[in-house]
Every structure is written in structure tokens, then in C-alpha cells.
Number of protein chains: 4
Amino acid sequence: MNKQDRILDAAIDVFVQRGYADTRMDEVAEKAGVAKGTVYLHFASKEALFEAVIENALAPIREALEFMDGNAHQEPVDAEALHRFYRKISGFVETGVPGAVMRLVIAESGRFPGIAETYFKTIIEPGLGHLSGILDKGAKEGTFRGEMIREHPMVLIAPVLLAVLWKQLFQDFKPLDTAQFLDTFADMACQGLIPERKQP
Amino acid sequence: MNKQDRILDAAIDVFVQRGYADTRMDEVAEKAGVAKGTVYLHFASKEALFEAVIENALAPIREALEFMDGNAHQEPVDAEALHRFYRKISGFVETGVPGAVMRLVIAESGRFPGIAETYFKTIIEPGLGHLSGILDKGAKEGTFRGEMIREHPMVLIAPVLLAVLWKQLFQDFKPLDTAQFLDTFADMACQGLIPERKQP
Amino acid sequence: MNKQDRILDAAIDVFVQRGYADTRMDEVAEKAGVAKGTVYLHFASKEALFEAVIENALAPIREALEFMDGNAHQEPVDAEALHRFYRKISGFVETGVPGAVMRLVIAESGRFPGIAETYFKTIIEPGLGHLSGILDKGAKEGTFRGEMIREHPMVLIAPVLLAVLWKQLFQDFKPLDTAQFLDTFADMACQGLIPERKQP
Amino acid sequence: MNKQDRILDAAIDVFVQRGYADTRMDEVAEKAGVAKGTVYLHFASKEALFEAVIENALAPIREALEFMDGNAHQEPVDAEALHRFYRKISGFVETGVPGAVMRLVIAESGRFPGIAETYFKTIIEPGLGHLSGILDKGAKEGTFRGEMIREHPMVLIAPVLLAVLWKQLFQDFKPLDTAQFLDTFADMACQGLIPERKQP
DNA sequence: TATGAATGAGGTTTCATTCAT
DNA sequence: CATGAATGAAACCTCATTCAT
């Protein structure tokens, strides 16, 4: 593994653990096994390192997204598909990877407006596109009332966001089982909470 | 307005804008219109000031919650009630108050584990209790399939969380109309996304 | 007791305990039972207060000296008189009063050259005069070889100084019984350490 | 000379001149010819620097002691030996080195109880041991009534202490010739102040 | 390229002193 | 006279960044 990547890997750990301001370049260097000055041979400043770290940390999330996107069109859109969608996400959420990055993005977006934009362009926008595609497909096939939320596809992301942040903040006070939680959401989203539905 | 409150008001602004580490006590003092040393007459340290600020900032949210709790039992639980619930929240979210505080809590919970707990105990736990009460009432009256999400009442908070954070992070890239978004969520939650539902 | 004296009494305690630099005017005021501003009605500054405190603290030592001086001429000068002299001093040393003041003078004489002078003029010079008188009297009466140390009367103060500082610094590591120690010194000074003495 | 020693040398000067509290790290750094931050590369804090300074300053005194200890057993114990003992000390006292350190120890022992202990263990205890050895040797050889002060060997240090502090505090008001003074003390100690001694 | 000792700007905190009440 | 809230200068210490080796 080259030195640049060793530094990036060390840096993401420290930034996630301490936040931007509390991260010392010394600690990054030590964790990467290089001297302090070496970091500056690869990254112009702490700020530049941070931005590179974020860019780098979004890669696995983007890849997970692309992978899901690739598989999307091969299956019908129905309740079962929605459940499968969340089940895949659940596994990824459990790794803790997206949560740590997301918290970092939320925390530092005030100081680095750029990273909110990067996150949006890299993760959110493609993710919404993916969801829109699914919703349209379901609507066309008549298996899914996708038009209902066509303008707000992010409603389907909301429970994921909650799960991710819950694990970061409240897991110690009231544990949340991500898989079960997302399954519940999928049930509710598919069937609705009102028992007697007016027939259209 | 007394000096302590002037300092708290100045501090919340600066903390929200810059985060804990980048907030300089000088700036808080200046914004509050007092000398640097005066802040220390009221708060023992930057850390103590921050904790007081969080405590103080949660008050209006807690009050909003309590207000909603008071009205809750007078009305039937049905689709209309759920929509009204989100409409009230929407107005509050639009003020930007809960979003700023939430971002601060998320950002600094790594450095101050206590504030995640405070937030949980002050806002989340009572909020969940409130929701559970509504779900049970609806279930008993037969107007609401509350048992479906009884174990995960936070599904109903998920869209609020998303709206709050969206405004903080992505509003500039893709604006979100909180009221419409929550309305859409309520529709979906009530009626479900699957057109043909098996009758119970 | 008037307020000025209450402040002086509080101040000597705090100065002795903490030293000049570590003494806070707040603590002096609180210990004196007055408000912080009140101290400044009586003493122009911390420095002025300190000088007044030293002046004030030397009074009892000076009085003890004067008392001894008054009694001095009524008795013959011999070994017994020397032992009585140290016995009186011993009692005073045991009170801890002169030790605390002396340590303060030694400690702060770098910052306040004036207090070394005050101490010299108030305590040392009169003390030496007292001793010189005794030595002369003994020499005249032939009961004391006072001329031997006539030029250096402070040799007789040396053991007192040692005892005083020992109690301040080393009492915890190796206790010193002031009375016995001074008695030993007096024996040595009177009889000498060399067994076979040439007869004069 | 390495940087650590340059800082120590600068620091002892400033600490001696100003005392602990009034010493500014900036001044130490400037005097050592390094930047402020550099001091902290070698000493963790002002307190740590001070302790190192004391430790360092005690070294020459301890060495002087050890040197005297080495020579002690080669010569008989008599009046001449005692005079020689004080003459050696006199030369050392005149350098001003032990006086400055001793004043610092006395001044700051309230704030740093540890340094009184260090001083005791490093200087006083070995010094007393040295003196006890001499006294015992003299007693065994019959040339010295060492048993008289066997329990209080520090009487022989008392005039040294006085000379050291006199130079620090009162030299300007009444100069003291250390060599003559100690010589006088030795005379008195050897021969005694009482002309007619009862024969044992 | 790599190192790590050195730098110095800048932040938190303390506390003597003032002054309106 | 008395108060004590307010002031702001000044001190310790950190850490991003540089540069001689």
C-alpha cells in the first residue's frame, strides 16, 4: 500500500474519531507510520487532507450504490423488492462505515461547505436517481403507486438516515435493530397504516 | 434581558455557525456585548458554556413537544390527525431552530458524549412516548394499525429528521418543501404504496 | 476590631500560605469578611497591602525583642544567662510566627527589595545591638569571652535561623526539637568542642 | 552546548531572579535563544521545567559535598580540621550558587512541597551524614568532644546557612565576610565562650 | 523523498483593579 | 464608606506548518 493511501487511511480514522478541529497532524502521521513532514509532501494542508479524506471515504458508498443500481432493472418492483432493497442497505449500515462518514459530513459542513455539495453530488443525487428509476418502473408496471412519492423519493431514504444516525448517537441508550426497523418501515410503506382504504 | 441570557444567545449563534472548536470566547463576548472576562463570571469554562447552550437550546423544542402532547388526547387518531401532526412539526422545522441544534448535537457528540444523552432524554424519549401513546390509542379505537410499528415508533420521526438535515445540508442544491414532503410521507404511511392490498 | 486590621490579619494568613504571587485579593477580602472593593479603600494596591502586612507582621517580633532587651541588664552574663536567652527564643520559635514571616521575607525579597531592608532595620539590627550589649557586658565583667565574637554577634543568631527554617522546610522529614537543639548550641558555645584547652 | 541545557541555564537565572510565579516562559525562551514553543519540546510545563531546574541546580552542591566527603577520612579531627572545613565551604558560598538555589527552595517550598524533600534528601541528609562521621571519628580519637552535639550535627551547618542567607538579603546593609565569619564560629565552637571551664 | 526539531500565532483562562450603585 | 459586577491585559500552552539535514 502506498504512502499516500496509508496517510488517507490513518486520517479518516482520526478525523472520524475526533472531528476536524481536534485532529492533530502528528497523530495522523504517527498512525500512518510516517513523519509529520511527510504528510505535507502529499497534502498541502490539513484542510486539503480533510477534503481528500472525505472524497476517499465516499468511494465505498458510491460503489455500493452503483452496485445496487446495476441490479435494479432485472427484477420487478413490488413489496418484496422494497424489502430486499432495505435488507441490502441494512447490511451496509451495520458496518458503521456510512454512519461515521455521514456524521463527519454533517459536523463539518459548516466549516467546509464544499463537502455537503460533494456528498450531495456523489451520494444523494445518484441515490435519488436510482430511486426515481425504481418508482417509475413500478408505476409503469402497475405494481407500485410510485407516483405518490415521485416528487419526494427521499422519503425512502429517511428511515436509512434515521438508522444511521441512531447508531451513532443513541445506540447506547436504546439499541436499534437496523434490519428489523427497516423491515417495519417497508411494511408500513407498502401496506399503509389505515385499515379501511377507500377504493379508488 | 439579563447578561447571562445575552451570553447564551450570542453563544448559541456562534457555536452553531462555527462548531465548538472554532468558536472563540472573544467572539461570543463581543457578540453578547460584554468583555471577555465577563463570560467567565457566568460560565466556568468554554465547555460549561457549551453545555449550558445546549441545555438552553433544547428548551423550546421540549416545550413544543409538551404542547403537542397536551393536545394529543382530545382528537381521534386517523389519517387526518397524522397530517395535522406533521403540519405542526413542519412549521417548527421551518424556523430552522431544531436543525441548527441537531447539527450541533451530531457534530459534537463525539467530544461531549453527554449531549447525545441529554438530547435523547429530553427530546427523543419523550417524543417516542408521545408517539407510542398515539399509536396505542389508534389501535384501540380501530382507526389505526398502530401495532404494525408499535416497536418502532421512530419510523414516524424519520422524515422529520430527514427534512431537518436536508435544510441544513442540501437546501442550496435541491430545495425541499418541508410541508409538502411531510404531507407526502403521511399519505404514504396511511395508504401504502401497494395498490392491491389483501383484505385482513 | 476595625476593618483595616481585619484585612491585615486575613492577608498575612493568605500571603504566608500562598506567597505573594499566588495570593488573590478575592481570598483576602473573603477571609476578612469584606467585599473585594473594600480592600482598595484601605490599601492602594496588592503591593501596598503586602508591604503593610510585612510591617504589621514584624511588630510582635520587634516587641518580643524589646521585651528581652528590657530584661537584659538586670542579670549577669554567664552560661546560665545564655541558656535562658535561647529558652525564651525557643518558646517564640515554636509558635511558628517568626518562621512564617521569615520565609515570606526570604521568598519575596527578590521582588520587594524594600522588605529585606525593613526586616534588617526592624529585627536584625536591633537584635544585633542587643547581643552586642550583652557581649560587652560579659566581657567587662570577665564572665564571658565576648570579644571573641564581638565583630560577629550574628553567630549567636545562626542556630535560631536554622531552627526557624528547619521547622518550615524539613520538620516532616526529620523533626527538630527546638529547645533541645538550642540548648545543645549553648553548651557548645560556652564550653567548646576541644577537650584540652590551653589555660589563658 | 545542547538546547536542553541552554534552556535549563536560562531558566535557573530567571527563576532565581523573579521567583516561580513571576517567571514568564517567554523570557526563559528568549534568554535561551529559542522560540516559546521549543521550551515545551523539552519540558512538559512550567512546573516540570522548574523541577528540572532545581534538580539541575542541586547537582554542583551535591558534587561539592561528595568531594568533601571523599577527603574527610584522611585527616585527623581537630580544631584545625574544623577551620579547614569552613574555609572550603566559604569559597563555595562566595560563588553565590548555593544561596540563590536555597532562596528559591525556601521561597517555593510552599507551592512545591516536593522540592523541600528533594533538597533534604540531596543536600541536607548527606551533609548531616558527613558531619556525623567526622564527629564520631573525633570522639573515638579523643580529639573532639563530638558526643556533645552528636544528636544535633546541624549546629555546624547553622553558620553556613546564616552566611548564605545574609549574602542574599542583607549584604547591602551590612556586609558579611563569609570567611572571617565562619572562622570566628569555628573558634567559638572549639574553645567555647566561657573562660573558666569546670574540669570534668 | 523523508525527517522531526523548531517556530510563533492564537486560544483559553486568571485576576488586579475600577466604578456605578 | 461599602459593594461586587465588569474589565482587559497578560500568561501558559497547543499545534499547523516550515526547512535544514
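Quick note on labels: first sequence line is chain A, next is B, and so on, each numbered from 1.
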Checklist entry - Would you say a side-chain N or O of Lys3(C) is under 4.0 Å from OP1 or OP2 of dA2(F)? => result yes
Checklist entry - dC15(F) P sits how many Å from Leu49(A) CG, rounded? => result 16 Å
Checklist outcome for this item: The residue, Ala35(B) or Thr38(C), whose nearest nucleotide of DNA chain F is more 5′ is Thr38(C)
Next on the checklist: Rounded at 0.5 Å granularity, tell me how far OG1 in Thr38(B) sits from NZ in Lys3(B).
Outcome noted: 6.0 Å
Item to check | Phe50(D) CZ to dC12(F) P, straight-line distance once rounded to whole Å | outcome: 14 Å
Item to check | Separation of dC15(E) P from Glu30(C) CD (nearest whole Å) | outcome: 14 Å
Item to check | Sidechain-backbone polar pair: Arg18(C) side chain, Thr23(C) backbone, donor-acceptor under 3.5 Å | outcome: no
Checklist entry - Rounded to whole angstrom units, what separation is found between the CD atom of Glu27(D) and the P atom of dC12(F)? => result 10 Å
Checklist entry - For the side chain of Gln168(A) and the backbone of Arg103(A), is there at least one donor-acceptor N/O pair under 3.5 Å apart? => result no
Checklist entry - What string of B, S and - do you get for nucleotides 16-21 of chain E, 5' to 3', if B is base contact, S is sugar-phosphate-only contact and - is no contact with any protein heavy atom under 4.0 Å? => result SBB---
Item to check | Rounded distance (Å) that lies between atom P of dG4(E) and atom CG of Leu41(D) | outcome: 13 Å
Checklist entry - Mind pulling the stems DNA chain F is in, i.e. runs of at least three Watson-Crick or G-U pairs, everything under 3.5 Å? => result E:2-21 with F:2-21
Next on the checklist: Working to the nearest 0.5 angstrom, can you tell me the gap between Tyr119(B) OH and Leu169(A) CG?
Outcome noted: 9.0 Å
Item to check | Those residues that, when tested against Val53(B), pass side chain to side chain contact (heavy atoms under 4.5 Å, CB included) (two or more places apart) | outcome: Leu8(B), Ala11(B), Ile12(B), Phe15(B), Leu49(B)
Next on the checklist: Filter on salt bridge (charged side-chain N to carboxylate O under 4.0 Å, His left out), then keep only pairs touching residues 40-58 of chain C, sequence neighbours left out; what's left?
Outcome noted: none
Next on the checklist: Run the side-chain hydrogen bond (donor to acceptor under 3.5 Å, both in side chains) test against Asp26(A) and tell me which residues pass, sequence neighbours left out.
Outcome noted: Lys36(A)
Item to check | Inter-residue atom distance Leu104(A).CG - Ile115(A).CD1, 0.5 Å rounding | outcome: 6.0 Å
Next on the checklist: Tell me every residue that passes side chain to side chain contact (heavy atoms under 4.5 Å, CB included) with Lys31(D), counting only those two or more places apart in sequence or in another chain.
Outcome noted: Ala10(D), Asp13(D), Val14(D), Gln17(D)
Next on the checklist: Rounded to whole Å, how long is the line connecting atom NE2 of His42(B) with atom C1' of dT7(F)?
Outcome noted: 12 Å
